[in-house]
Amino acid sequence: MLAPRFTIAGLMGLVVVAAVGVAALRFASELWAGVLLIGTLAMLGAAVLGVVHRRGARRAWWQGFALFGWGYLFVSLGPWAADAVAPHLPTTTALDALFERMHPPRKEEARLSAFISRGGGGGAAPAIYAISSAAPVTATVAPATAAASGSAPSMVRFNLSLTTPTPEFFHRVGHCLWALLAATLGGLIGRAFFATSGR
């Protein structure tokens, strides 16, 4: 049986991917999600070239890498599957739990939610809510009584960062990382099958 060989370049690449993955999960945003998706597609595309131009054990590695990687990427982010299959994957459940651990609700967000639910602190039903686009966030609340009387709405300032990761982008990043992990596992399985094929 062919034992997997780990080169210095391979180990360095693994460290780089792990570092980028951790940073992307920590600061999950539309930009990070896009970068991870492009990188994942590039690696899976290279795997297809490996299937075409390699031979022997290396070809078996790239076959497993491409099959498992593209397969997971489809069931997690592909059309139809993203809504019908991905929510039921154990990897999605793991990402939900990880998001709660890495990005717990902050005090400012809880205060803003409580402020809005109280109608601006005055107990009246709120009529107008406006969140400014600049950080720190300014919440403008006009209770129904103030709106009827024409009085000025109350202003409350909360120090909320606009770069707070959202579950949507966190899931995109996480599924790209899961796809690369599945592809690596597929590559190892491909080599194992090749080693026991009698060639």
Pairing residues for Glu100 by the salt bridge (charged side-chain N to carboxylate O under 4.0 Å, His left out) criterion, not counting sequence neighbours: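 Not a single residue meets the salt bridge (charged side-chain N to carboxylate O under 4.0 Å, His left out) criterion with Glu100.
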Pairing residues for Phe68 by the ring pair (Phe, Tyr, Trp, His ring centres under 6.0 Å) criterion, not counting sequence neighbours: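 Phe68: no ring pair (Phe, Tyr, Trp, His ring centres under 6.0 Å) contacts found.
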Partners meeting ring pair (Phe, Tyr, Trp, His ring centres under 6.0 Å) with Phe169 (sequence neighbours left out):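 Ring pair (Phe, Tyr, Trp, His ring centres under 6.0 Å) list for Phe169, sorted by chain: empty.
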If you group Ile, Leu, Val, Met, Phe, Trp and Tyr by side-chain heavy-atom gaps below 4.5 Å, do [X] and [Y] land in one group?
X	Y	result
Leu98	Trp32	yes
Leu188	Leu180	yes
Val15	Leu177	no

Where Gly190 and Ala60 come nearest, the two heavy atoms and their spacing: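 Looks like O-CB, 3.4 Å.
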Residues which pass side chain to side chain contact (heavy atoms under 4.5 Å, CB included) with Ala81, listed by chain and number, not counting sequence neighbours: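 Counting only residues at least two positions away or on another chain, Ala81 forms a side chain to side chain contact (heavy atoms under 4.5 Å, CB included) with Phe74, Val85.
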Exam field: side chain His103 to backbone Leu25, donor-acceptor pair closer than 3.5 Å: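 Between the backbone of Leu25 and the side chain of His103 there is a qualifying donor-acceptor contact (under 3.5 Å).
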Partner residues of Glu30 under the side-chain hydrogen bond (donor to acceptor under 3.5 Å, both in side chains) criterion, sequence neighbours left out: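 Partners of Glu30 by the side-chain hydrogen bond (donor to acceptor under 3.5 Å, both in side chains) criterion come out as none, since no residue qualifies.
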Any residue meeting side-chain hydrogen bond (donor to acceptor under 3.5 Å, both in side chains) with Thr184, in chain and number order, not counting sequence neighbours: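 Listed in chain order: nothing, the list is empty.
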Side chain to side chain, Asp96 and His171, heavy atoms closer than 4.5 Å: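 Yes, side chains in contact.
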Beyond-backbone contact of Met102 with Phe170, side-chain heavy atoms, under 4.5 angstrom: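 The answer is yes; the side chains approach within 4.5 Å.
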Contact list for residues 164-185, test salt bridge (charged side-chain N to carboxylate O under 4.0 Å, His left out), sequence neighbours left out: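 Residue pairs with at least one partner in residues 164-185: Glu168-Arg172.
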Of all pairs that satisfy salt bridge (charged side-chain N to carboxylate O under 4.0 Å, His left out), the ones with a partner from residues 60-73, not counting sequence neighbours: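 Non-adjacent pairs meeting salt bridge (charged side-chain N to carboxylate O under 4.0 Å, His left out): zero.
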Where at least one partner belongs to residues 63-72, residue pairs that pass side-chain hydrogen bond (donor to acceptor under 3.5 Å, both in side chains), sequence neighbours excluded: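 For residues 63-72: Tyr72-Thr91, Tyr72-His175.
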Residue pairs fulfilling side-chain hydrogen bond (donor to acceptor under 3.5 Å, both in side chains) with at least one residue in residues 74-84, sequence neighbours excluded: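 Checked against side-chain hydrogen bond (donor to acceptor under 3.5 Å, both in side chains) - neighbours excluded - no pair reaches residues 74-84.
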Side-chain donor/acceptor pairs under 3.5 Å, residues 33-57, sequence neighbours excluded:
from	atom 1	to	atom 2	distance (Å)
Thr40	OG1	Leu36	O	2.8
Arg55	NH1	Val52	O	3.2

